[in-house]
Amino acid sequence: MSKYALVLLRHGEGAWNKENRFCSWVDQKLSSDGVKEALDCGKLLKELGYEFDIVFTSILSRSIQTAWLVLEAMGQEWVPIEKSWRLNERHYGALIGLNRAEMALNHGEEQVKIWRRSYGVMPPPIDESHPYFFEIYNDRRYNTCDIAKDELPRTESLKEVLERLLPYWEDIIVPKIKEGRRVLISAHGNSSRALLKHLEGISDEEIANLTLPTGVPVLLELDENLHPIKPHELLGDQGAIQAAIKKVEDQGKAVASKT
Ligand SMILES: O=C(OP(=O)(O)O)[C@H](O)COP(=O)(O)O
């Protein structure tokens, strides 16, 4: 028997998911399809009988907007939401804004897969010459973090994501779960992968094969020590989920991009 059920969620599709660009710390809203995904996700969780006592999000709008829409569809708008940069998407460094298919044409699909899914490889860091540098670091949300702005990452591998996420998980989220609060985490593809790697003990090699689609709730059933009692489960229509995973994986193929 599980003692706790934790639900993790990659936000609904954002505008740059659609355009196949690395979005990362650029603040994009949900696309119209992403809004529908978030509402459908809330409806599904309601049908399945889930209730939440607290929701954790990143400080990027697409994860917050997803949390709002999920709670609205569940009729649980009153549930408190806590936000932290530590749940932000992985910082993709100089790759931010670039089109994955064009990157695959220029650098090869294998290199793009390494950048996207390996555990330890960091893309080149972002610097002031990057078109999105000032949009990111001049945004006042990054004055509110628990570390100084000049200590915030300029690029990250999944390893660095896990290292900055773990203190928040251990110090803020775990105590809520142990108090019996039912927790939803509305985060991102790679911040969710990092947490799943930690909780499920997925190896550095095996994590490269885990891809999460947008808007699909991931259920983790945990024992009293917060160890999973079985592998995570993606909730919903399994055929549609597999198709959505393939779509995300195929974003790194060297096909001509739609402009
Ligand atoms: O912003 C991103 O993720 P998100 O849509 O989960 O926030 C990344 O660009 C995801 O890219 P990836 O699927 O190539 O790791």
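As the structure lists them, so they are numbered: ligands from 1, and atoms in each ligand from 1.
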Give the ring-plane orientation class for W85 versus W25, where under 30° counts as parallel, over 60° as perpendicular and anything between as tilted.
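Perpendicular: the ring planes of W85 and W25 meet at over 60°.
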In terms of the angle between their ring planes, are F52 and Y50 parallel, tilted or perpendicular, with boundaries placed at 30° and 60°?
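Judged by the thresholds at 30° and 60°, the geometry between F52 and Y50 is parallel.
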With a heavy-atom distance limit of 4.0 Å, tell me whether R10 approaches ligand 1 through its side chain, its backbone, both, or neither.
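The answer is the side chain of R10.
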May I ask you to identify, for R90, whether its side chain, its backbone, both or neither come under 4.0 Å of ligand 1 on a heavy-atom basis?
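Looking at R90 and ligand 1, no heavy atom falls under 4.0 Å.
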Which option out of F22, W25, Y92 puts a heavy atom nearest to atom 15 (O) of ligand 1?
Y92
Could you name the option among Q28, R21, E89 that has the heavy atom nearest to atom 3 (O) of ligand 1?
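Minimum heavy-atom distance to atom 3 (O) of ligand 1 goes to E89.
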Provide the number and element of each atom of ligand 1 under 4.0 Å from a heavy atom of [X].
X    : result
R117 : 12 (P), 13 (O), 15 (O)
H11  : 4 (P), 5 (O), 6 (O), 7 (O)
N17  : 5 (O)
G189 : 6 (O)
C23  : 1 (O), 9 (O)
R116 : 12 (P), 13 (O), 14 (O)
N190 : 10 (C), 15 (O)

Within 45° of the ring axis of Y137 and under 6.0 Å from its six-membered ring centre, is that where the NZ or CZ of R154 lies?
yes
Cation-pi check, R164 onto Y168 ring (under 6.0 Å, within 45° of axis):
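No, a cation-pi geometry is absent between R164 and Y168.
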With no hydrogens and no angle check, do the side chains of [X] and [Y] hold a donor and an acceptor under 3.5 Å apart?
X    : Y    : result
T214 : E37  : yes
N190 : R193 : yes
N88  : Y142 : yes
R100 : N20  : yes

May I ask whether [X] has any heavy atom positioned less than 4.0 angstrom from an atom of ligand 1?
X    : answer
S24  : yes
E13  : no
W115 : no

In terms of residue, atom name and distance, what is the protein heavy atom nearest to atom 11 (O) of ligand 1?
R100 NH2, 2.8 Å
Taking atom CH2 of W16 as the centre, report whether more than 12 heavy atoms of other residues, nucleotides or ligands fall under 6.0 Å from it.
yes
Going through the checks in order, is the salt bridge (charged side-chain N to carboxylate O under 4.0 Å, His left out) test met by K197 and D204?
CA-CA 8 Å; K197 182 184 190 300; D204 297 1; 2.9 Å; yes
